[in-house]
Structure formats: C-alpha cells, structure tokens
Novice: 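Below you will find the structure I want to go over with you.
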Amino acid sequence: MIYKLLIAGFGLAVSYVVARKLAEVQDKSRVKVRTEDRTAMKSRRLRQDPETGVYYPED
C-alpha cells in the first residue's frame, strides 16, 4: 500500500516538473514582434469608397 502511494507521489512530482519545463521552453520560443516601426503602419492606411464600399490606399 505504501509503495502505491510513493509511486503515485513520484509520478505526480515528475509530471509537474515536466509540465513546468515545457511551459518554460514554450515561453522562450515565442515570436518577438517589433512595434516601433510606426512609419510603415501609417503608409498603409486605407479609405473606403462610400459608393462602392471598396477600400483603397490613402496616398
């Protein structure tokens, strides 16, 4: 009986450690996005034609 409890406790501990390591690896592998380039965003603004509803670049 005691062996079953020890094995279950050991299995839970190992599962916890593995899940934590996987979460750390996933956090490190996330894609970094640059949000500093505001000029590219401003040049891509679109306006909607009120008659047709079609969007076209604002230039």
Novice: Could you state whether Val17 and Val25 fall into the same hydrophobic cluster, counting links through intermediate Ile, Leu, Val, Met, Phe, Trp or Tyr residues with side-chain heavy atoms under 4.5 angstrom apart?
Specialist: no
Novice: Show every side-chain hydrogen bond (donor to acceptor under 3.5 Å, both in side chains) that has at least one partner inside residues 11-21, sequence neighbours left out.
Specialist: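 Non-adjacent pairs meeting side-chain hydrogen bond (donor to acceptor under 3.5 Å, both in side chains): Tyr16-Arg20.
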Novice: Check for me, please, whether Leu12 and Tyr3 land in the same ILVMFWY cluster - side-chain distances under 4.5 Å, paths through other members count.
Specialist: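 No.
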Novice: Is the closest side-chain heavy-atom distance between Asp49 and Tyr56 below 4.5 Å?
Specialist: yes
